[in-house]
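Working notes, structure below.
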Amino acid sequence: MSGTPGSLRTRLLLRIGAALVAVCAAMALAAVLAQRALLLDHLDGRVMDAAEHGLAGASARPGDDRDLTFLDGNGHPDGLLAARLDTHGAVTAAAVTGPDSTPRPLTAGQRAALRGIAPDGTPHTRTVPGLGTYRVTGLDASGVRILAGLPMDDVRDMLNRLVVVEAVVGAAGLAVAGCVCAVVVRRQLRPLGRVAATAADLARAPLGHDPLTGLPRVAEADIDPGSEAGQVGAALNRMIDQVESDRAARRRGEERMRRFLADAGHELRTPLASIAGYAELMNRGTGPVEPMLAWRRVSAESARMTGLVEDLLLLARLDEGRPLRSAEADLVALVAEAVRKARAADPDRTWRLALRLDAPALVIGDETGLGRAVANLLANARAHTPPGTTVVAMVEATAERRVIRVRDDGPGIPPHLLASVFDRFTRADASRSRRGPGDSGSGLGLAVVEAIASAHGGRAAVRSAPGHTEFTVELPPAPEAEGEPSLPVGVSELSERC
């Protein structure tokens with residue numbers, strides 16, 4: 001916060017200085033005017049006393065309107081001006097006392113300055129040539145009219161001295177007040193200066209480059225919510241937090257994208273290499289592998305690669321937020337069909353269907369996508385549990401929600417994998433046994449389940465412990481789902497019906 005002409009501190013000091021000057025000038029002017037009024041009032045009293053004294057003296061000879069003998073003698077103030085008026089108000093005689101109290105007649109030009117003053121006791125200010133400015137009043141008693149006046153030199157001298165004193169005191173006071181204001185403003189704006197310096201450092205920080213270093217922040221002492229500077233500092237810190245959060249999220253997203261691309265490339269490379277190898281053997285026409293076996297392997301790897309690409313495209317569409325086909329779907333029918341297919345494909349495990357219906361199990365969504373999510377959950381159980389495992393697919397329906405549960409009594413998911421089980425290309429370790437290489441998945445099945453559930457406004461979750469692993473897909477109910485609820489049906493009864 002430098003003192004440059006355009007800085008806030010300079011502008012504040014200039015405005016405060018201008019306000020102080022205006023206040024001091026107003027106070028000085030008010031003091032001068034008040035003092036002038038007081039002095040003039042005192043002078044007017046003296047002038048009135050002199051006029052009354054002169055009127056008393058002139059009344060001794062009322063028939064002579066040129067008589068100024070009342071000015072003779074001592075006791076008159078220096079510079080006393082007296083004049084006699086005729087019945088028309090014209091000055092007939094006028095004189096002024098000198099230093100020795102001897103009256104000196106006024107000239108015609110000086111008498112002309114006294115014209116127009118009525119003998120009514122009202123004070124007037126007149127400038128008499130050669131004598132200066134006078135305060136003059138007139139009185140009339142029984143036809144005797146006189147004027148009396150005293151010079152205003154003492155009043156002016158006192159006012160001039162007062163102005164000089166006020167100017168000196170005001171200048172000193174303004175200088176002291178300016179220094180105090182400069183110190184106070186500098187101290188009060190110091191936190192704002194530190195906030196501005198932090199903002200400048202933030203502007204120079206390499207936000208667009210990795211690695212992201214710690215961004216500068218406003219100190220704790222400069223974020224007091226009780227001051228404007230503290231509020232600005234707190235807002236700047238919140239903005240920095242948001243920038244760092246967004247940057248970290250973007251970095252995590254970029255890392256996930258790089259890992260996703262690397263995993264996708266690795267998954268695609270394996271079937272492509274297998275297809276290329278078997279195709280080369282068939283081109284040679286001789287080798288340890290029979291052509292029919294080679295064709296079967298090529299077909300299997302092609303199907304595997306096709307499924308991987310379809311999963312990637314589905315995830316890409318869901319990430320883009322493309323709208324799904326929307327229609328009423330019956331979860332009971334979807335899950336029952338998936339269980340039948342799982343039993344036909346894998347007789348080594350026990351597959352059961354359970355229903356707990358307090359309302360129709362209807363949802364609004366993409367029936368194909370929901371069926372694929374259920375099939376992926378069952379395929380996950382088949383791939384990661386040993387033969388003899390019991391897998392139960394359950395549909396629950398209440399007035400508030402629709403839930404699909406797939407649980408098994410297999411070895412469970414390792415605790416360190418539970419947090420990332422729905423991430424893409426996540427695979428279980430050896431504790432989730434597999435029957436062979438052909439059963440290994442791409443690590444996208446559960447990611448597809450979670451993406452489909454989110455696209456339908458629901459969520460996917462998992463709980464796992466040795467002997468009990470349960471995946472849950474919760475979906476919102478169809479708005480128009482009505483009807484008589486079905487009674488809960490036992491697992492053993494349904495296993496026979498499926």
Side-chain angles (χ1 to χ4, degrees), residues 310-311 313-342 351-382 391-408 413 418-424 426 441 444-464 468-491 494 497-498:
E310 289 178 351
D311 286 343
L313 291 176
L314 175 61
L315 290 172
R317 288 195 299 269
L318 296 177
D319 288 343
E320 291 176 0
R322 295 184 185 179
L324 298 172
R325 290 191 297 271
S326 183
E328 190 175 76
D330 186 354
L331 295 183
V332 174
L334 289 177
V335 176
E337 181 63 22
V339 170
R340 290 190 185 95
K341 292 181 178 179
W351 302 91
R352 293 181 179 178
L353 174 66
L355 302 178
R356 293 179 181 176
L357 306 178
D358 294 328
L362 301 178
V363 297
I364 300 298
D366 183 3
E367 184 174 357
T368 302
L370 293 173
R372 184 169 186 174
V374 176
N376 283 0
L377 290 176
L378 297 179
N380 179 75
R382 183 172 64 251
V391 181
V392 179
M394 179 182 295
V395 179
E396 295 180 4
T398 65
E400 295 81 14
R401 62 177 184 169
R402 307 290 186 264
V403 181
I404 300 172
R405 302 183 188 275
V406 175
R407 66 173 179 262
D408 64 69
I413 302 173
L418 280 176
S420 59
V421 72
F422 290 107
D423 291 347
R424 297 169 189 185
T426 297
L444 294 177
L446 295 181
V448 170
V449 172
E450 195 273 338
I452 291 175
S454 298
H456 284 81
R459 63 186 183 92
V462 61
R463 294 182 303 169
S464 182
H468 184 88
T469 298
E470 180 176 282
F471 285 89
T472 302
V473 175
E474 184 175 341
L475 300 170
E480 64 276 8
E482 298 179 355
E484 293 294 331
S486 301
L487 295 175
V489 183
V491 172
L494 287 172
R497 298 177 187 177
C498 293

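A quick note: this is a predicted structure, and the numbers were derived from the prediction, not measured.
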Over all atoms of both residues, closest heavy-atom pair of [X] and [Y]:
| X | Y | value |
| --- | --- | --- |
| Ala397 | Arg402 | CB-CD, 3.7 Å |
| Trp351 | Ala342 | NE1-O, 3.6 Å |
| Ala399 | Pro477 | O-CG, 3.9 Å |
| Asn376 | Gly445 | ND2-O, 3.3 Å |
| Val339 | Leu378 | N-CD1, 3.9 Å |
| Asp330 | Ala361 | OD1-O, 3.4 Å |

task = Decide yes or no on side chain to side chain contact (heavy atoms under 4.5 Å, CB included) for Leu446 and Leu377, but give the supporting numbers first.
result = CA-CA 7 Å; Leu446 295 181; Leu377 290 176; 3.9 Å; yes
Mind checking side chain to side chain contact (heavy atoms under 4.5 Å, CB included) for [X] and listing every partner two or more places apart, or none if nothing turns up?
| X | answer |
| --- | --- |
| Asp423 | Ser420, Thr426 |
| Ala375 | none |
| Arg463 | Glu470 |
| Ser454 | Glu450 |

Show the atom names and distances, to 0.1 Å, of all donor-acceptor pairs under 3.5 Å that link a side chain in residues 363-373 to residues at least two apart or in another chain.
residue	atom	partner	partner atom	Å
Asp366	OD1	Thr368	N	3.2
Arg372	NH2	Asp311	OD1	2.2

request  = Evaluate the criterion side chain to side chain contact (heavy atoms under 4.5 Å, CB included) for residue pair Asn380 and Val449; output intermediate values, then yes/no.
outcome  = CA-CA 11 Å; Asn380 179 75; Val449 172; over 6 Å; no
Quick check for you: to the nearest 0.5 Å, what is the distance between [X] atom [atom1] and [Y] atom [atom2]?
| X | Y | atom1 | atom2 | result |
| --- | --- | --- | --- | --- |
| Leu362 | Leu475 | CG | CG | 12.0 Å |
| Thr472 | Met394 | OG1 | CE | 10.0 Å |
| His456 | Glu474 | NE2 | CD | 14.5 Å |
| Ile413 | Phe471 | CD1 | CZ | 4.0 Å |

ask   = Any donor-acceptor pair under 3.5 Å linking the side chain of Asp358 with the backbone of Thr398?
value =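 Side chain of Asp358 to backbone of Thr398, a donor-acceptor pair under 3.5 Å: no, none is there.
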